Amino acid sequence: MTDSDIARTVENAREQFYAISLERIEKIRALLNEIKRDTRNKVAMKDLTQFFHRLAGSSGLYEMGDFSDRAVAAEELSITLLDQDFASANQTVDQLLRMTNHLYHLLMAYREDQGAAPQRSSNAATAGGSLPSQHSLDALKRTIFLVGDCAPRLANLFKELGFKTESAIDFATARNTLFSRRLPDGLIMDATLRGGSSLELARMVRQKPDSEDVPIVLVGEEGAFTEKIAAIKAGCDDFWNINADTEVLRAKASRVFERICTPRYKILVVEDDPVQAAAMHAFLESAGFEPMVMTDCSLFEEGLLASQPDLILLDLLLGEMTGFDLAKFVRQNDKFDTTPIVFLTTQNQLQNQVRGKRLGDDYLIKPATPELLVSTIAGRIERYRAIKGLVGRDGLTGALSYSEFVNAAARMKKNASINPIMVVLDIDGLSNINDQHSFSVGEKVLSTAGELLKKAFREFGEIGRLSGDEFAVVAENLSIDEFMTIVQLLKQDFEHTIFKSENGQFRASITFGVASLKNERTVSEWIESAYRTLAQAKRHGAGSIILS
């Protein structure tokens, strides 16, 4: 769906909201008159509260603050009717009638204001923008900066992955842009730039203090291995062949930018108000999510199993059921017992918030703006995915756990076109570093080793942490000479790193044992071979590299 399609969808939902809200206001007036005639009509009172609830919830999505606030106040006041005597109920009904008349006039004013500038909305949609809320939602997306002739081809690819893109045609424009404001979330450059060197630009970016988490990719003709090493030395994370087909580039982009990528997360929304359901669908889709919206709670189990959601968004008041009822059902299913749940309601009672925190993960009070709704959903999913991502990985370095590394090595051993190579490496004297400088400094040494490993081998293999100070890397499609070149680069980068503590500055070193796959029948035997080579290297001296 394009931005202009989304803009039209949101506008259509808004128009539907205006029309149905006018109908609901008339029904509210009729219900109030019924209650005035019979102050014991509990059914009418409950219907009245539901109508006010729907007015409040939907209007919040369209940033109609005054209208939504008054609808919430009317909803809360209508709830009190159930416990009032005849005289008090009549006074409350009169007050609610005045509030309803005010809601009508506010709604007409909003509608008139919106209709006064149809040309502005149309122009915004056709210009690639949309409504103000669409601009705000678009601002939540990550930005990839494309430099050089690669920009036109890659812009659509990154748009499909949920990114915004900006571009510069040459070295000078890119440099001025990159150093005049905050760095983008990712940087992709042609290997050959007009007016300057792409490697020099990468080095300049890496000198900025906030550049550590910015992936940098060089794009060019399939070159020699030495060109890839030069890119790594300059601070690049990957080298892409511009002549590769789109699917290959998409897979590479997903891998390199997976940490900052915004996938099309699946959101299951349960909202019995069809107007609000349509608006929620439009806003969530415009923010890059994949929404499935249900208005019939009786179909919830089928919808849950069909959508396999990354997050569930539940309105609290759903007619005969409540959001709490559905949350309990979800938590009884082992498959979804950790799926994030966010409650959305106009009811702000403390007891509901406590129940919401116990059964779910967040509790948003209506009116919630689209920006708040989207940022809350994104934050919850990212935390959930981050926790899941730690399964099978070392929390400090991000390297694979021992068992996951063995699995990765087994897959590589089975599928590699040439014999894969493994290195087991040990940080020399880590226990002494812990004793002399503190364990927190020792963890910094470990995390630095992990980062340098990822930088050196990201394109070529899998990294695992075998024990406290020992890592391993298995790589495919590299010759022994190419593999050893990367190992030497890693060794130099680590030994040139200066670590600081209260006891002063120091450097550290790594010892390497390299073993190509020969006659080993299992991965365990292969790892043992690498360990024997590492032991030989340690006997030779700290910082040594031995190839079996």
Side-chain angles (χ1 to χ4, degrees), residues 206 212 225-226 228-235 394 396-400 402 405 409 420-475 478-517 526-548:
R206 285 297 184 224
E212 183 178 345
F225 178 75
T226 53
K228 297 181 180 181
I229 292 298
I232 292 174
K233 287 183 176 179
D394 172 52
L396 177 63
T397 65
L400 295 173
Y402 184 91
F405 176 77
I421 308 167
M422 181 183 297
V423 59
V424 174
L425 52 126
D426 175 78
I427 298 175
D428 299 315
L430 183 62
S431 59
N432 291 332
I433 292 172
N434 289 334
D435 293 340
Q436 185 174 349
H437 298 280
S438 79
F439 281 92
S440 62
V441 174
E443 288 198 343
K444 176 62 178 176
V445 173
L446 283 167
S447 64
T448 299
E451 287 300 317
L452 291 175
L453 279 164
K454 285 184 283 186
K455 175 184 173 183
F457 284 100
R458 168 177 259 165
E459 187 182 357
F460 306 107
E462 296 285 357
I463 303 160
R465 186 177 177 188
L466 304 187
S467 65
D469 56 357
E470 293 174 340
F471 295 83
V473 180
V474 58
L478 290 176
S479 68
I480 287 290
D481 289 342
E482 291 171 341
F483 188 87
M484 295 300 286
T485 299
I486 297 178
V487 170
Q488 287 282 2
L489 175 64
L490 170 63
K491 168 182 159 63
Q492 293 169 12
D493 284 349
F494 188 77
E495 290 179 350
H496 290 161
T497 301
I498 298 176
F499 299 98
K500 298 178 181 179
S501 76
E502 293 181 356
N503 294 326
Q505 298 181 348
F506 67 96
R507 299 176 190 265
S509 62
I510 297 177
T511 301
F512 301 83
V514 182
S516 59
L517 183 64
W526 188 12
I527 293 175
E528 284 301 316
S529 175
Y531 262 122
R532 288 193 296 272
T533 309
L534 173 64
Q536 182 182 351
K538 293 184 81 66
R539 289 193 296 271
H540 195 269
S544 298
I545 304 173
I546 296 293
L547 170 64
S548 65

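Remember, predicted model here, so these are calculated numbers, not experimental data.
Salt-bridge check for Lys233 with Asp493: failed, with every basic side-chain N at 4.0 Å or more from each acidic carboxylate O.
For the atom pair Lys455 NZ and Arg206 CZ, the distance stands at 7.5 Å (nearest 0.5 Å). We find the CD1-CD1 distance between Ile229 and Ile232 to be 4.5 Å, quoted to the nearest 0.5 Å. Considering CZ of Phe483 and CD of Gln488, their distance stands at 11.5 Å, rounded to 0.5 Å. In this structure, CG on Leu425 lies 10.0 Å from CD1 on Ile545, to the nearest 0.5 angstrom. A distance of 11.5 Å separates CD in Glu462 from CE in Met422, rounded to the nearest 0.5 Å. Separation of atoms CD1 (Ile510) and CZ (Phe494) is listed at 4.5 Å; rounding is to 0.5 Å.
Asn434 approaches Gly442 most closely through the heavy-atom pair OD1-CA, 3.3 Å. Of all the heavy atoms in Ala542 and Ser509, the pair that sits closest is CB-OG, 4.0 Å.
Checking Thr511 against Asp426 by side-chain atom types alone, no donor-acceptor pair falls below 3.5 Å.
Shown are Val423, Ile427, Leu466; of these, the side-chain contact (heavy atoms from CB on, under 4.5 Å) with Phe471 is made only by Ile427.
With a 6.0 Å radius and a threshold of 12 heavy atoms from other residues, nucleotides or ligands, Lys444 has its NZ atom at or below the threshold.
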